[in-house]
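These notes are about the structure you will find just below.
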Amino acid sequence: MQKLSSESLSSLKPWIRHIPLVGCISLFVIHFAQIWKYAVNIPAWDDWTLIHKNHPAALSWQWLFEQANEHRTATTKLFVWLQYQFNYWDLRTHQIISFLIYGLFLILLTRFAKKFAPQVPTWTTLSFLTFFL
């Protein structure tokens, strides 16, 4: 087996640190493509509870803050109500937008980690981020 020379190894060093970033972006794009291809406009699981009793057409405090299982989903319900006003709550669009918001959350999480632990290399943070994807 041929050994890499020090010149070729030093030329690879700038590119090696980008591998975790490319991996994270690739995983995000693969998941996004799956959602884009297979998402349908049919409610599933807890989505059915959001559309009972003329909701999300009407916005009320009771509906917004009522308990769903063991937690309250006010932000999700507000998001659903806004989408209902724009496109009658197309669930395919809802899933696509939700995944894009999740991607923004991952970017903010990475920036937060870098800000509060600057000594940790970026590749380490990005390698951990792959578990979220």
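The first residue in the sequence is number 1, and the count goes up from there.
Classification of the Tyr88-Tyr84 ring pair by plane angle, with boundaries at 30° and 60°, yields perpendicular.
From Trp89, atom CH2 reaches atom CZ of Phe79 across 10.5 Å, with rounding to the nearest 0.5 Å. The CZ atom of Phe105 sits 12.5 Å away from atom CZ of Phe99, with the distance rounded to the nearest 0.5 Å. Rounding to the nearest 0.5 Å gives a distance of 5.5 Å between CD1 of Ile96 and CZ of Phe32. For the atom pair Leu82 CG and Ile97 CD1, the distance stands at 10.0 Å (nearest 0.5 Å). With rounding to the nearest 0.5 Å, the separation of OG in Ser60 from CH2 in Trp81 is 11.5 Å.
Every residue meeting the side chain to side chain contact (heavy atoms under 4.5 Å, CB included) condition with Glu66, not counting sequence neighbours, appears here in chain and number order: His52, Trp63, Lys77. Partners of Asn41 according to the side chain to side chain donor-acceptor pair (under 3.5 Å) rule, which considers only residues two or more places apart in sequence or in another chain, are Asp90. Residues satisfying the side chain to side chain contact (heavy atoms under 4.5 Å, CB included) criterion with Ala39, sequence neighbours excluded, are Ile35, Arg92, Gln95. By the side chain to side chain contact (heavy atoms under 4.5 Å, CB included) test, Ile42 pairs with Val40, sequence neighbours left out. Listed by chain and number, the residues in a side chain to side chain donor-acceptor pair (under 3.5 Å) with Ser98 amount to none (sequence neighbours excluded). Residues forming a side chain to side chain donor-acceptor pair (under 3.5 Å) with Gln83 (at least two apart in sequence, or on another chain): His94.
Of all heavy-atom pairs spanning Ala74 and Phe65, the tightest one is CB-CE2, 3.8 Å.
Under a cut-off of 6.0 angstrom, the local environment of CZ in Phe112 is sparse, with at most 12 non-hydrogen atoms contributed by other residues, nucleotides or ligands. Within a 6.0 Å radius of CD in Gln62, other residues, nucleotides and ligands contribute 12 heavy atoms or fewer.
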Enumerate donor-acceptor pairs with a distance under 3.5 Å from any side-chain N or O in residues 115-133 to protein atoms, sequence neighbours excluded.
| residue | atom | partner | partner atom | Å |
| --- | --- | --- | --- | --- |
| Thr122 | OG1 | Lys114 | NZ | 3.4 |
| Ser127 | OG | Trp123 | O | 2.7 |
| Thr130 | OG1 | Ser127 | O | 2.6 |

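Cluster annotation: Ile25 and Phe28 are assigned to the same hydrophobic cluster (Ile/Leu/Val/Met/Phe/Trp/Tyr, side-chain heavy-atom contacts under 4.5 Å, transitive). Linking Ile, Leu, Val, Met, Phe, Trp and Tyr whenever their side-chain heavy atoms come within less than 4.5 Å puts Trp36 and Leu27 in one cluster. Under the 4.5 Å side-chain heavy-atom criterion for ILVMFWY residues, a single connected hydrophobic cluster contains both Leu78 and Val80.
Cluster note: Ile30 groups with no other residue, as no ILVMFWY side-chain heavy atom lies under 4.5 Å from it. Here Tyr38 is tied to no hydrophobic group at all, with no ILVMFWY side chain closer than 4.5 Å.
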